[in-house]
Amino acid sequence: MTGKYAVIGNPIEHSKSPLIHAAFAEQTGQDMTYDRILGTDFERDVRAFLAAGGRGLNVTVPFKEDAWRLADERSARAETAGAVNTLIRLDDDRLRGDNTDGIGLVRDLTQNHGVRLHGKRILLLGAGGASRGVVRPLLEQQPAQLVIANRTAPKALDLAEELRGLGPITGCGLDQLNGLAFDLIINGTSAGLGGEMPDLSADCLVPGGVCYDMMYGDRPTAFVCWGQAQGASQSLDGLGMLVEQAAESFYLWRGVRPETALVIRLLRP
Ligand code: ATR
């Protein structure tokens with residue numbers, strides 16, 4: 001029977017997920033459809049999709065927290081993220097919530113770009129939902145330290161305090177990084193939406209370090225440009241993370257792991 005899947009968000013017309021999952025389905029020979037749903041009343045929209053035979057959903061802005069609440073059970077990484085981007089309909093019709101964003105980031109860094117995270121000093125910029133969503137998978141790689149730095153310092157301190165049982169994590173203000181240098185800087189702020197770059201001192205990146213922006217665009221983001229200007233060995237945007245998080249969702253639904261490199265190349269402008 002054809003499996004029925006979709007992505008729900010608002011706005012949704014810009015989403016690349018249907019293209020990505022169509023490519024995965026073709027490549028792996030999976031019999032499935034994948035549509036876009038413009039969400040208005042999240043729970044009602046999800047129930048209607050399930051009533052029509054839906055097997056799973058990707059969830060995007062602004063519904064990831066609603067999906068977390070709606071899920072009957074959640075993975076540990078979704079629990080920590082406080083957000084769900086993948087809903088899986090179980091055989092008994094209950095909904096399982098997962099979050100594949102963090103593992104998508106880790107896979108893009110480690111497998112696609114050969115960046116080893118074990119023993120490294122990692123700086124994560126921002127203390128909102130995007131950053132929270134990736135903390136657990138990053139710490140599972142056993143970095144030497146993970147520093148969350150935020151424009152509004154108390155939010156970083158609170159987040160680090162809440163998650164400190166997971167590994168060597170600390171929080172501070174963006175203006176409190178003086179003298180610290182990192183092997184990898186990940187941008188999880190929304191500054192790039194306005195074409196801005198978080199206010200960061202140039203010596204935060206070790207020579208030859210790596211920069212990674214969780215955002216992406218048709219042109220290099222402000223943060224990617226900053227990394228290039230600092231002499232980063234690699235300054236990467238989040239397109240690979242987008243495809244890798246989709247691949248993990250696909251695997252959770254279909255039990256098959258698609259090849260991602262071709263799809264990343266397909267999407268690269
Ligand atoms: P998301 O769910 O995308 O993470 P969010 O929860 O609104 O969105 O969080 C946005 C993050 O980007 C916050 O960490 C925010 O910093 P503040 O907590 O100080 O607001 C950060 N951010 C947004 N614009 C920024 C800018 N111009 N410079 C630095 N940080 C910025």
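Both ligands and their constituent atoms are indexed starting at 1 by order of listing.
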Exercise for review: Step by step, work out the side-chain hydrogen bond (donor to acceptor under 3.5 Å, both in side chains) result for Asn99 and Ser75.
Suggested key: CA-CA 8 Å; Asn99 190 314; Ser75 66; over 6 Å; no
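- Backbone and side-chain nitrogen or oxygen atoms of Ala127 are examined, and one is located within less than 3.5 angstrom of a nitrogen or oxygen of ligand 1.
- Between Asn150 and ligand 1, at least one N/O pair is under 3.5 Å apart.
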Check your understanding: After noting the C-alpha distance and the side-chain angles of Val115 and Leu117, does the key distance pass the side-chain contact (heavy atoms from CB on, under 4.5 Å) rule?
Key -> CA-CA 6 Å; Val115 179; Leu117 304 179; 4.1 Å; yes
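- Distances from atom 7 (O) of ligand 1 to the protein include no heavy-atom value under 4.0 Å.
- Residue Ser190 holds the heavy atom nearest to atom 12 (O) of ligand 1 of all those in Pro62, Gly126, Pro154, Ser190.
- Near Ala130, with a cut-off below 4.0 Å to any heavy atom, the atoms of ligand 1 are 1 (P), 2 (O), 4 (O).
- Judged purely by distance below 3.5 Å, without hydrogens or angles, the side chains of Thr221 and Asp213 pair a donor atom with an acceptor atom.
- Considering only non-hydrogen protein atoms, atom 19 (O) of ligand 1 sits nearest to Thr152 OG1, 2.4 Å.
- Within 6.0 Å of CZ on Arg44 lie more than 12 heavy atoms contributed by other residues, nucleotides or ligands.
- Using a 4.0 Å cut-off to heavy atoms of Glu196, the atoms of ligand 1 that qualify are 27 (N).
- Close placement of the Phe63 and Phe42 rings is indicated, their centers lying within 6.0 Å of each other.
- Look at Glu248 and Arg107 and you find a salt bridge, because one of the NZ, NE, NH1 or NH2 atoms lies within 4.0 Å of a carboxylate O, short of that distance.
- Looking at ligand 1, you won't find any N or O of Thr189 less than 3.5 Å from one of its N or O atoms.
- We find the SG-CG distance between Cys172 and Leu157 to be 7.5 Å, quoted to the nearest 0.5 Å.
- Looking at Gly129 next to ligand 1, an N or O pair under 3.5 Å apart turns up.
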